[in-house]
Amino acid sequence: MPAMAQRGGGRRRTINEINMVPFIDVMLVLLIIFMVSAPLITTGLIDVPSVGKSRAQPEQVLQVLIDAEGKLKFKRDKEEPEALALSVLVQRVKSAQGGNANIPVVISADRKVQYESVVQVMDKLQSAGVQRVGLAVKPGATR
């Protein structure tokens, strides 16, 4: 009889191991979800400007000058700058380009000008169809 008591009447042993199969199943499902969804996520493309010397200076450069008070001036090549309103400026730039979209427009803004006014000028020029709009900076001026 003592053999029977040990079999049925004794305490059950606790299992000291963790079952890893459900954990592995969940991880594999997550891995598959990420593998399928990763190619579908589109990242924003950024056209980063390159730093360095340009090969050749353009023949004609149109400049938009924004002074410390936020007043706009338009300058073509070596002419004197003329003060203009934003709506007139866009028309003047388009007529100065004369249908040639390769003529660059450079915005030269004072350091104290609000960023918003520079962005407004860029937005108006680009919405009018001016393709090559850039910002003038001082080379080597670091703080």
request  = Check side-chain contact (heavy atoms from CB on, under 4.5 Å) between N16 and all other residues, then give those that pass, not counting sequence neighbours.
outcome  = T14

task = Linking directly or through intermediates, with side-chain heavy atoms under 4.5 Å: list the remaining ILVMFWY members grouped with V36, chain and number order.
result = I32

request  = Would you name the heavy atoms of P81 and L65 that are closest together and state the gap between them?
outcome  = CB-CD1, 3.8 Å

query = What residues, two or more places apart in sequence or in another chain, satisfy side-chain contact (heavy atoms from CB on, under 4.5 Å) together with V26?
reply = L30

request  = Indicate if M20 and M27 have the same hydrophobic cluster label, given that clusters are the connected sets of ILVMFWY residues with side-chain heavy-atom separations under 4.5 angstrom.
outcome  = yes

note = Scanning both residues in full, the closest heavy-atom pair of M122 with L135 reads SD-CD2, 4.0 Å

note = The complete set of salt bridge (charged side-chain N to carboxylate O under 4.0 Å, His left out) pairs with one or both residues in residues 63-73, sequence neighbours excluded, reads none

key: Within residues 94-103 or reaching into it, pairs that qualify as salt bridge (charged side-chain N to carboxylate O under 4.0 Å, His left out) - sequence neighbours excluded   = none

ask   = Any donor-acceptor pair under 3.5 Å linking the side chain of Q63 with the backbone of K75?
value = no

remark   = The complete set of salt bridge (charged side-chain N to carboxylate O under 4.0 Å, His left out) pairs with one or both residues in residues 20-37, sequence neighbours excluded, reads none

request  = For A96, enumerate each residue passing the side-chain contact (heavy atoms from CB on, under 4.5 Å) test, keeping only those at least two apart in sequence or located in another chain.
outcome  = L62, F74, R76

Side-chain donor-acceptor pairs under 3.5 Å in residues 123-130, sequence neighbours left out?
from : atom 1 : to   : atom 2 : distance (Å)
S127 : OG     : D123 : O      : 3.0
S127 : OG     : K124 : O      : 3.0

key: I18 CD1: over 12 foreign heavy atoms closer than 6.0 Å   = no

request  = Would you indicate whether the side-chain heavy atoms of Q91 and L84 approach each other to under 4.5 Å?
outcome  = no

message = List the residues meeting salt bridge (charged side-chain N to carboxylate O under 4.0 Å, His left out) with R92, not counting sequence neighbours, and say none if there are none.
response = E82

Please report, to 0.1 Å, the donor-acceptor pairs under 3.5 Å made by any side chain of residues 113-120, with sequence neighbours excluded.
from : atom 1 : to   : atom 2 : distance (Å)
S117 : OG     : Q114 : O      : 2.8

